[in-house]
Amino acid sequence: MPRRKAARKRFGAASDIAPERVAAILSRLDRKYPKARCALHHRNAWDLLVATILSAQCTDARVNLVTPELFHRFPTPAAMAAAALPELESLVHTTGFFRNKAKNIRGAAQRIVDEFGGNVPASMETLLTLPGVARKTANVVLGSWFGVAAGVVVDTHVLRISRRLGLTSNTAPEKVEQDLIRILPQERWIDYSHQIIRLGREICIARKPRCADCQLEDLCHSGDKTWRSS
Ligand code: SF4
C-alpha cells in the first residue's frame with residue numbers, strides 16, 4: 001500500500017482533527033516558537049495595515065525594506081490620503097503589483113480619514129470596507145495590533161502546512177480559515193498563524209520540507225515528507 005494511503009488509514013480525517021492531536025501540535029509549536037510575532041515592521045495600526053497590503057505576493061523582508069521611507073514620507077492616513085499617486089507607486093514599486101497597491105493604500109487612507117476619524121477601525125466588518133483589505137489583511141491587523149481574534153490569518157505557509165498536518169483538505173484560503181476556526185481554540189487563533197509562518201519559513205518549506213528537523217514530525221503524516229521517524 002502506498003505510504004500516503006497507509007498513513008490515511010492509520011490516522012483518518014476524524015483523528016487528524018481530534019482535540020488531543022490538535023493540542024499536541026499546539027503544544028509543540030509553543031515549545032519551538034514561544035515568541036512568534038508578526039515579522040512586518042510597524043509602530044501602529046496604520047503602519048501594519050499598509051505593510052500588510054504591500055505584503056501580498058511579496059516577502060515580508062522586501063516589505064520591510066520599503067516601509068521605512070514610505071512611513072517617513074506619509075506617517076498618517078491623512079498624509080497618505082493627500083499623496084500623489086506617482087510618488088506612491090515609485091515608493092512601493094519593488095513590492096510588485098505596485099499600481100494596485102498604491103491605489104489601495106491611498107484609497108484606504110482616504111476612507112479612514114473620511115469615515116473613521118483618521119483611526120484604523122478595529123473590527124472585521126469595518127476593515128473589510130477598506131480598498132485592498134480582505135480577510136487575511138484584516139486578521140493580521142486585528143490580531144497583531146488590536147489583539148482581537150476575529151479569525152485565523154491564512155497565508156501561503158498556513159495554507160500549505162495546515163493541509164500537510166491534515167487540519168484541512170481545502171485549498172481556498174477562506175475555507176481553510178473556516179476549518180481552522182472550527183478546530184483551533186479561539187485563544188490560539190492569533191499565535192497559531194505566527195508560529196506556523198515561522199515553521200514554514202524555517203522548516204516546513206514548500207518544495208523540500210526539512211522533516212528530519214521538524215518538531216511535529218511524529219505527529220505529521222503528510223504524503224510529501226522527506227524523512228520519517230517510523
Ligand atoms: S514533518 Fe515535514 S511535512 Fe510535516 S510539518 Fe514537519 S516539515 Fe512539514
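When a ligand or atom number is given, it counts from 1 through the structure's own listing order.
Around atom 2 (Fe) of ligand 1, the protein contributes the following N, O or S atoms at distances under 2.8 Å: C211 SG.
In terms of heavy-atom proximity, T226 sits nearest to K208 at CG2-CG, 3.9 Å.
For H42 and T52, the side-chain atoms include no donor-acceptor pair closer than 3.5 Å.
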Let me have the donor-acceptor pairs involving side chains of residues 90-99, under 3.5 Å, with sequence neighbours excluded, atom names and distances please.
| unit_1 | atom_1 | unit_2 | atom_2 | d |
| --- | --- | --- | --- | --- |
| T95 | OG1 | V92 | O | 2.8 |

Just do the salt bridge (charged side-chain N to carboxylate O under 4.0 Å, His left out) check on D224 and R163 with the steps written out, would you?
CA-CA 11 Å; D224 61 354; R163 282 173 55 83; over 6 Å; no
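Listed by chain and residue number, A61, R62 satisfy the side-chain contact (heavy atoms from CB on, under 4.5 Å) test with T59 (two or more places apart in sequence, or in another chain).
Counting only residues at least two apart or in different chains, side-chain hydrogen bond (donor to acceptor under 3.5 Å, both in side chains) contacts with residues 171-189 comprise D30-R188, R135-E177, N139-E177, T168-D179, N170-D179, D179-R182, R188-Q195.
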